Each structure stands twice: as C-alpha cells, then as structure tokens.
Amino acid sequence: MSLAAPGTQKMERCSEALKTHVSDAQTFSMRQTRKGWCQECMGCEAQDEYKFYKKDDNEHFATGLEDSSFCVRFCLAPCHPFKLSVLENGTKAELLTLDRPCACRVGSCKCCCYQEATITSGGQPMGSIKEQCFCCVPRFKAYDADGKELYKVHQPTCVGGMCINCCAEGNPCGKGCCKASFRIYPASQDKTDGDAPYVGTILKKPKSAKTEVLTSANAFDLTFPESANSDEKALLIGSAMFFNANFFEGAE
C-alpha cells in the first residue's frame with residue numbers, strides 16, 4: 001500500500017457523534033444483518049440493516065437501517081431508491097445518512113443514468129460517490145461536499161485493467177478468492193490498474209456457513225487513507241454500503 005494521499009486540513013462538517021467514533025480510527029468493520037429473513041426465503045428483498053464495529057476492540061457502537069417501502073424493493077430491487085441512516089447505540093444520535101436515488105444498474109458504456117449516492121452527517125453534506133463511464137471494470141469517483149474529486153475507487157484489476165483480479169486479496173486455494181475488494185486511490189493518481197499503489201480498501205469478507213444458510217448478509221472491513229479526515233471517512237463508509245447495494249445484494 002502506498003503513502004497517504006495528499007490532502008489539506010479544513011473544517012470538518014460531520015456531526016460530533018460521528019467524529020467521536022471515527023476521528024482516530026484507521027480501520028472499521030461493518031456487518032450487514034437481515035430483518036425479515038423469511039421474506040428472503042420467499043424471494044422478496046428485505047430491508048438492509050448494518051451493525052458497525054471498531055475493528056480494534058470489536059465494539060458495536062452504531063446501527064443503520066434502510067428506509068424504503070416493500071413495494072419499491074419488490075418492484076425495483078436492486079436499483080430501488082432508499083435512505084439509510086446510521087444511529088449511535090443508546091443515544092440514537094445520527095452519525096451519517098446515505099441517500100441513493102433510483103438509476104440504471106451499474107453497466108459498461110453507459111452515457112447517462114449512472115449509479116450514485118450522497119452522504120450527509122448531522123444535516124451537512126459529506127460528499128457523493130458516482131459511477132463513471134467504463135468498458136470492462138466498474139469505476140467510481142468520490143467527491144467532497146464542494147464537488148471536488150477526492151478518490152478513484154474500483155476493484156483490483158489485471159490484464160492491463162481489462163479484468164477484475166479475483167486473486168488480489170489472497171491465495172485462491174484458501175479463502176482469498178472468497179474476498180472481494182474495492183481499492184481507493186488518490187484523485188490525482190493516473191495509474192490505478194494492476195499493482196498500482198493504493199491508499200485504502202473496502203474489503204468484503206467470506207461469510208460463515210450459518211450466515212450463508214439463513215441470509216445473504218455481508219461483512220466488510222474498511223481501511224481508511226492515512227490522511228482522511230472524519231468527513232472523508234464518512235464518505236467512504238457510505239460508499240461501502242453503496243457498493244454492497246449495487247454489487248452484492250441478491251447476487252448470491
């Protein structure tokens with residue numbers, strides 16, 4: 001992994017509750033659960049629920065729940081619009097909110113209707129994550145609240161950027177091939193394919209046998225860029241939920 005992406009210090013807009021939990025964190029764990037797994041067994045998309053942990057001590061400190069109607073999920077999933085608010089356990093203080101409008105599924109060579117989502121905290125904008133036009137491997141850019149490009153994000157690639165490198169996260173004979181990651185690159189970095197250095201990761205981990213049988217829930221580990229402030233970390237946490245909704249919901 002490379003050195004931290006260059007950045008400048010600026011006033012953070014996120015809520016104090018969020019800042020308390022992420023300001024000093026370099027790693028983060030997010031686990032999706034399911035409310036209404038019986039619906040899943042009948043082929044109906046249930047609301048997403050996430051639990052958030054500080055990776056160092058495994059402390060569960062916040063929970064996020066999707067706000068969307070059953071009809072919208074049934075008719076439009078996985079492209080349905082939704083809001084998902086993450087609240088601090090105990091106080092119910094808002095840490096962040098993800099808002100994804102309805103748009104076409106992630107796909108190559110599109111000219112419009114890209115997947116995107118905005119992230120807010122305490123009513124203040126943190127930024128957005130947006131799909132870019134691509135040919136082979138889906139590519140995204142993360143922007144701050146002022147629309148400035150912060151990061152390029154995509155899965156690890158091989159064959160000159162033409163294919164996703166399924167073995168990038170470990171030995172394919174073990175659990176390495178069961179992992180899926182999105183790598184985070186500085187906006188100013190031109191080369192991001194192959195073994196190009198990166199500054200952070202969003203890693204989807206293998207699931208337990210019990211989880212596989214009862215739900216399609218997923219678990220993610222986040223490694224933040226060293227220079228990321230609390231607003232940028234909120235943006236990347238929201239991006240992890242955005243990627244789950246677009247790539248892993250209903251895919252297994």
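The shown structure was predicted, so the numbers you read here are calculated from the model rather than taken from an experiment. Residues: numbered from 1 along the sequence shown.
- Distance check: I184 CD1 to T192 OG1 gives 13.0 Å after rounding to the nearest 0.5 Å.
- Proximity of E66 to L98: side-chain heavy atoms (C-beta onward) are nowhere separated by under 4.5 Å.
- The residues D24 and K233 are annotated as not salt-bridged, no charged nitrogen and carboxylate oxygen being separated by less than 4.0 angstrom.
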Could you give me the CA-CA distance, side-chain angles and deciding distance for L150 and E232, then say whether side-chain contact (heavy atoms from CB on, under 4.5 Å) is met? CA-CA 8 Å; L150 290 176; E232 292 159 356; 3.8 Å; yes
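- Side chains of D221 and T27: a donor-acceptor N/O pair is absent below 3.5 angstrom, by distance only.
- With rounding to the nearest 0.5 Å, the separation of CG in D231 from CE in M11 is 10.5 Å.
- Side-chain atoms of F224 and L236, non-hydrogen and from C-beta on, do get closer than 4.5 Å to each other.
- Ring-centre distance between Y143 and Y151: not below the 6.0 Å cut-off.
- With E12 contributing its side chain and S230 its backbone, the two residues share a donor-acceptor pair below 3.5 Å.
- Closest heavy-atom contact between C136 and G161: CB-O, 4.4 Å.
- Side-chain contact check for R31 versus Y50: every heavy-atom pair is 4.5 Å or farther apart.
- Expressed to the nearest 0.5 Å, how far SG of C75 lies from CZ of F70 amounts to 8.5 Å.
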Can F28 and F61 be said to form a ring pair (Phe, Tyr, Trp, His ring centres under 6.0 Å), step by step? CA-CA 11 Å; F28 203 77; F61 67 90; 5.6 Å; yes
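- Figure legend: K205 and F220 shown without cation-pi pairing, the cationic atom not lying both under 6.0 angstrom from the six-membered ring centre and within 45 degrees of its axis.
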Would you tabulate the side-chain donor-acceptor contacts of residues 117-128 under 3.5 Å, counting partners in other chains and residues two or more places apart, or write 'none'?
| from | atom 1 | to | atom 2 | distance (Å) |
| --- | --- | --- | --- | --- |
| S121 | OG | S15 | N | 3.0 |
| S121 | OG | S15 | OG | 3.3 |
| S121 | OG | L95 | O | 2.6 |

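- Between A196 and Q189 the shortest heavy-atom distance is CB-NE2, 3.9 Å.
- Ion pair E116/R100 not flagged as a salt bridge, since none of the NZ, NE, NH1 or NH2 atoms sits closer than 4.0 Å to an Asp/Glu carboxylate oxygen.
- In this structure, F247 and V106 have side chains that are in contact, with non-hydrogen atoms separated by less than 4.5 Å.
- With contacts defined as side-chain heavy-atom distances shorter than 4.5 Å, the pair R13/D144 does not qualify.
- The shortest side-chain heavy-atom distance between D67 and L84 does not fall under the 4.5 Å cut-off.
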Are T157 and R139 close enough, and set up right, to give a side-chain contact (heavy atoms from CB on, under 4.5 Å), and what steps lead you there? CA-CA 11 Å; T157 64; R139 296 173 187 266; 4.3 Å; yes
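- Between F134 and Y114, the ring center distance fails the sub-6.0 Å criterion.
- A donor-acceptor distance shorter than 3.5 angstrom exists from the side chain of K110 to the backbone of R105, with no hydrogens or angles considered.
- When every heavy atom of S68 is checked against every heavy atom of P81, the shortest pair comes out as CB-O, 3.9 Å.
- Atom CG of L222 and atom CZ of F182 lie 11.5 Å apart (nearest 0.5 Å).
- Put simply, the side chain of S108 does not reach to within 4.5 Å of the side chain of C135, judged on heavy atoms.
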Run H21 and E59 through side chain to side chain donor-acceptor pair (under 3.5 Å) and show every step you take. CA-CA 11 Å; H21 293 291; E59 175 190 346; 5.4 Å; no
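- Note: Y185 and H154 meet the aromatic proximity criterion, with ring centroids under 6.0 Å apart.
- With salt bridges taken as basic N to acidic carboxylate O contacts below 4.0 Å, none links K141 and E131.
- A donor-acceptor contact closer than 3.5 angstrom links the side chains of T97 and S85.
- Between E169 and R183, at least one side-chain nitrogen of the basic residue sits less than 4.0 Å from a carboxylate oxygen of the acidic one, meeting the salt-bridge criterion.
- Heavy-atom minimum distance, Q155 versus S181: CG-O, 3.1 Å.
- Between D48 and R73 there is no salt bridge, since none of the side-chain N atoms of the basic residue sits less than 4.0 Å from a carboxylate O of the acidic one.
- Contact check for L96 versus I237: side-chain heavy atoms found under the 4.5 Å cut-off.
- Taking the six-membered ring for Trp and the full ring otherwise, F140 and F243 have centroids separated by under 6.0 Å.
- Closest approach of H60 and N89 over heavy atoms only: O-ND2, 3.3 Å.
- Using a distance-only test at 3.5 Å, with no hydrogens or angles considered, no donor-acceptor pair links the side chain of N244 to the main chain of F248.
- Rounding to the nearest 0.5 Å places CG of N218 at 4.5 Å from NZ of K204.
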